[in-house]
Amino acid sequence: MALRSAVLLLLLLSGLRADTQENEVRAMVGSDVKLSCIHTREESFDLNELYVYWQISVTGKPKIVTYYLSGNSSVGHDNNQYKDRAQMSLDSMKLGDFSLRLYNITPQDEQEFNCLVFRNLEKIVDTVVTLHVAANYSMPVVRAPPSTPQDEELTFMCTSTDGYPEPKVYWINKTDNSLLDEALQNSTVFLNPRGLYNVVSVLRIRRVPNVNVGCCIENALLHQNLTVSSQAALTSEINARTPESFNDTLKNPSDSFPQKTGTVLTVLIVLGVAAAVVVFLGCRSRCPRWNYTAGAQASRPELELTDHV
């Protein structure tokens, strides 16, 4: 085994080169992907004559992902990130298909993978596959602190989580769908514990009547734009946070992503109960034979946000 490894290392460092083929593939985080490496010039191969290596480059040095040696194979070394996640098919290799199947893709798998195939000390395949990794961002959430008519400036905050690669953030004037000046916004993008990106973008604009702005999160790799717009008049009702807590979020965006809260639901329930009591008392005074077991249903107010994907 040591002799074979030494021979292969010499081959890898030698000037013997097959024609290099390059291609690209895209995969979503958590999915499986096939990295293609196929020799089409012959119909069958004797596995006893083959050495097959898949490797990546780490800090300029080759690192083996998995390999096949005559009568032996590996699903990844014990100390690397591909242990039990990389697999080749022996039946496929007999037909010249040396492709690699990767399981449970992570952002760290965004690499150039090199497929090297040797037969009787001759390199017959040299393929480079560039793997691009992507993950969908969550639908953006736009919020603003409570404000008064005397405030000359409005502040909006947009948050989105768990995407890949790093996003682009745009703020839009929804009255004419024009882009707002980037100087008005301050965006922070950072990796979360899952290795995915979270983004917080803060927009500060001069108060004008009927303000309606939109936040757009662009995932260029997926050709995807997620846009949410909200009028300032409704934002303060949707957001139940205090000015102090909103300011804390601006100071510590990584610790304060929007959480589900029952505050808005509580307000709507109180409004619904109050409306029901009014209907009940009014109908009771006008309808002496009111059937009290029927009950009255109060319509709950709806707040609208326009989502554009």
For Glu153, enumerate each residue passing the side chain to side chain donor-acceptor pair (under 3.5 Å) test, keeping only those at least two apart in sequence or located in another chain. none

Nearest 0.5 Å, what's the [atom1]-[atom2] distance between [X] and [Y]?
| X | Y | atom1 | atom2 | result |
| --- | --- | --- | --- | --- |
| Leu196 | Phe190 | CG | CZ | 12.0 Å |
| Leu90 | Leu50 | CG | CG | 10.5 Å |
| Cys115 | Asp126 | SG | CG | 8.0 Å |
| Glu218 | Glu166 | CD | CD | 12.5 Å |
| Ser201 | Glu182 | OG | CD | 9.5 Å |
| Lys34 | Leu102 | NZ | CG | 12.5 Å |

Minimal non-hydrogen separation, [X] against [Y], with atom names:
| X | Y | value |
| --- | --- | --- |
| Leu100 | Met88 | CD1-CG, 4.0 Å |
| Pro140 | Ile217 | CG-CG1, 3.5 Å |
| Thr127 | Asn114 | O-ND2, 3.0 Å |
| Lys63 | Gln81 | NZ-OE1, 4.0 Å |
| Pro165 | Tyr137 | O-OH, 2.6 Å |
| Met28 | Ala135 | CE-CA, 4.1 Å |

In this structure, would [X] and [Y] fall into the same cluster of hydrophobic residues linked by side-chain contacts under 4.5 Å?
| X | Y | result |
| --- | --- | --- |
| Ile172 | Val141 | no |
| Leu184 | Leu179 | no |
| Phe118 | Val128 | no |
| Val142 | Val169 | yes |
| Leu222 | Val133 | no |

Run the side-chain hydrogen bond (donor to acceptor under 3.5 Å, both in side chains) check on Ser99 and Asp97 step by step: do they pass? CA-CA 6 Å; Ser99 300; Asp97 185 351; 2.5 Å; yes

Among all residues two or more places apart in sequence or in another chain, which pass the salt bridge (Lys or Arg N to Asp or Glu O under 4.0 Å) test with Arg194? Asp162

Would you confirm whether [X], through its side chain, and [Y], through its main-chain N or O, come within 3.5 Å as a donor-acceptor pair?
| X | Y | value |
| --- | --- | --- |
| Ser160 | Ser138 | yes |
| Ser44 | Leu95 | no |
| Arg26 | Leu221 | yes |

Passing option when Arg85 is tested against Thr66, Asp32, Asp109 for side-chain hydrogen bond (donor to acceptor under 3.5 Å, both in side chains):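 Answer after filtering Thr66, Asp32, Asp109: Asp109.
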
[X] vs [Y] side-chain heavy atoms within contact, under 4.5 Å:
| X | Y | value |
| --- | --- | --- |
| Val213 | Leu154 | no |
| Met93 | Leu47 | yes |
| Leu203 | Ile205 | yes |
| Val129 | Cys37 | no |

Relative to each other, are the rings of Tyr197 and Tyr164 parallel, tilted or perpendicular (30° and 60° limits)? parallel

For the pair Tyr67 and Tyr53, name the ring-plane relationship: parallel under 30°, tilted 30 to 60°, perpendicular over 60°.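 Judged by the thresholds at 30° and 60°, the geometry between Tyr67 and Tyr53 is parallel.
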
More than 12 heavy atoms from other groups under 6.0 Å of CD on Glu49: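 More than 12 heavy atoms, drawn from other residues, nucleotides or ligands, come within 6.0 Å of this atom.
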
Would you please test Ser229 and Asn212 for side chain to side chain contact (heavy atoms under 4.5 Å, CB included) and show each step? CA-CA 7 Å; Ser229 62; Asn212 190 13; 4.0 Å; yes

Test side-chain hydrogen bond (donor to acceptor under 3.5 Å, both in side chains) on Gln87 and Tyr103; report intermediate values, then the result. CA-CA 9 Å; Gln87 185 178 26; Tyr103 299 94; 2.9 Å; yes

Run Asn23 and Thr130 through side chain to side chain contact (heavy atoms under 4.5 Å, CB included) and show every step you take. CA-CA 6 Å; Asn23 56 70; Thr130 301; over 6 Å; no

Can you tell me if Thr227 and Asn225 form a side-chain donor-acceptor pair at under 3.5 Å? no

Could you tell me if Asn173 and Thr175 have a donor-acceptor pair between their side chains, going purely by distance under 3.5 Å? yes

Between Phe156 and Cys215, is a side chain to side chain contact (heavy atoms under 4.5 Å, CB included) present by the stated rule, with each step listed? CA-CA 9 Å; Phe156 294 89; Cys215 174; over 6 Å; no

For Phe98, run the ring pair (Phe, Tyr, Trp, His ring centres under 6.0 Å) check against Trp54, Tyr68, Phe45 and tell me which one passes. Phe45

Verify side chain to side chain contact (heavy atoms under 4.5 Å, CB included) between Ile38 and Gln21, making sure each step is shown before the conclusion. CA-CA 10 Å; Ile38 300 175; Gln21 299 179 354; over 6 Å; no

